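Heavy atoms only: backbone and side chains are in, while hydrogens, waters and symmetry mates are out. All values derive from a computational prediction rather than experimental measurement.
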Number of protein chains: 2
Amino acid sequence: MGRSRVQGKHAGLTRDQVLRAAVRLADRDGVEALSMRKLARELDVEAMTLYHHVRNKQGLEDAIVEYVLAESLRPPPEPAGWQEVVAGHAADLHRGLTQHPGAVLLFATRTAVTPRTLAILEQSLRVLRDAGFAPRTALHLIYAVAGAVVGQHLAYAGEQAQPAVDAPAVGDDHPVLAAALADGPVTMESRLDFTLTTLIAGFEALRQGGGSR
Amino acid sequence: MGRSRVQGKHAGLTRDQVLRAAVRLADRDGVEALSMRKLARELDVEAMTLYHHVRNKQGLEDAIVEYVLAESLRPPPEPAGWQEVVAGHAADLHRGLTQHPGAVLLFATRTAVTPRTLAILEQSLRVLRDAGFAPRTALHLIYAVAGAVVGQHLAYAGEQAQPAVDAPAVGDDHPVLAAALADGPVTMESRLDFTLTTLIAGFEALRQGGGSR
DNA sequence: ACCTGAACACCGTTCAAGT
DNA sequence: ACCTGAACACCGTTCAAGT
């Protein structure tokens, strides 16, 4: 706290400082609590100062997504099997969203298309094509995996605020549901794991059915 | 729009009218434009009046989700194969979100656990269990499908506001990506279709691998 | 170049008051 | 019982002004 500064002098504020503070604030208090004014207060600066580093709030949110994505995404290892690439992508994204829960909702509502993400996407697509998938199928596959990871994080975030479906809430009228929950509530980790395993098994079946090599 | 009414008399406003107007407003102008004050104006009523029908804005949003879900979800046909149940659920949800784009973001952030949704969930789980899936696997499956549908709608909504990844944006540095997009941009429909097909293929593989019958 | 302060048009929600 | 109006504590953003 408390970057000391003479009134009316340069704060020496950089865009990177703004973004880091924004991510920290969103992670700590939730995205819905992220406001230009609160962020400014955090940085010991007037709200309007932020507009010098960011076009507007939209732009701030876009930048947060790029920031977290850049921090999370790693190029696929070379050489890699396609399952590794897919699972690796999912793991990267999962780790990023786990470390930055404040970014989850932002990830869900915008796509960060930057040179870096395009380059990583291209590399991943190449591996998948070499494994026998048609380029378009490979792209679909990446979308499906990304969607699954973000989707499960969103659902998880929703359940934090709201009671989830668990055994006590279910009662005796729903025996199969009760049986499903007998071993405890279904966690995000297990749901994500299940979805990814299932997707990869499905991909495999489709590839054998008829990829374009 | 003028529901005419004498000042200070009963407006005769019902909760159902409030919800219908809220859904209409969110679908027309987007969720981010949905405010208590604007909704009140739409209903020719003072903002505070709404608090008589709804606890607060959170409560309004919860009610919207329940409303749209109730309108969309149908019980699975009996008798039905498990693929039908899964695809049917996805189709119901997809139709509901297509008709009510204003509800997409709300669906992503909360889970509407009502007697009706629990009952439909139980019916679906029963079909899946009878098809050879363990109850917990069946629940995972439903979650995965719901997540996929909501996820693709979210991504689609994001792309409406923001340029998607398409061929012109990609250029020559990304040949595989360019090839993937050569037949036009990847639509939400095709992504959703791909994800569901893949999930079902994966489920099938898992069932044969070792369900608990 | 970088930062500020007042101002504008909004929010959700409380509370006491009206009919 | 149902609805209102003023008030409070917030928003994002523009604009002219300060150093």
Side chain of B:Asn56 (C-beta onward), nearest among D:dC3, C:dT13, C:dT4: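 Per side-chain heavy atoms of B:Asn56, the pick is C:dT13.
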
[X] side chain to [Y] backbone, donor-acceptor under 3.5 Å:
X        : Y        : answer
B:His53  : B:Leu13  : yes
A:Arg116 : A:Leu73  : yes
B:Gln152 : B:Glu189 : no
A:Thr114 : A:Glu66  : no

Roughly how many Å is it from [atom1] in [X] to [atom2] in [N], rounded to a whole number?
X       : N      : atom1 : atom2 : answer
B:Arg55 : C:dT13 : CZ    : P     : 11 Å
A:His52 : C:dT4  : NE2   : P     : 12 Å
A:Leu50 : D:dT14 : CG    : C1'   : 15 Å
B:Gln17 : D:dC2  : CD    : C1'   : 14 Å

Does D:dT14 have OP1 or OP2 sitting under 4.0 Å from an N or O in the side chain of A:Tyr51? no

B:Thr49 vs D:dC2: side-chain N/O to OP1/OP2 distance below 4.0 Å: no

Parallel, tilted or perpendicular: which fits the ring planes of B:His140 and A:Phe194, with parallel below 30° and perpendicular above 60°? parallel

Paired with D:dC11: which nucleotide, if any, by Watson-Crick or G-U wobble criteria at under 3.5 Å for both distances? none

Checking base pairs now: Watson-Crick or wobble, both atom distances under 3.5 Å. What partners D:dA16?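 Its partner is C:dT4.
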
Reading nucleotides 6-11 of chain C 5' to 3', which nucleotides get B (base under 4.0 Å from a protein heavy atom), which S (sugar-phosphate only), which -? -B---B

Side-chain ion pair, B:Arg24 and B:Asp27, N-O less than 4.0 Å: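 Not counted as a salt bridge, because no side-chain N and carboxylate O are separated by less than 4.0 Å.
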
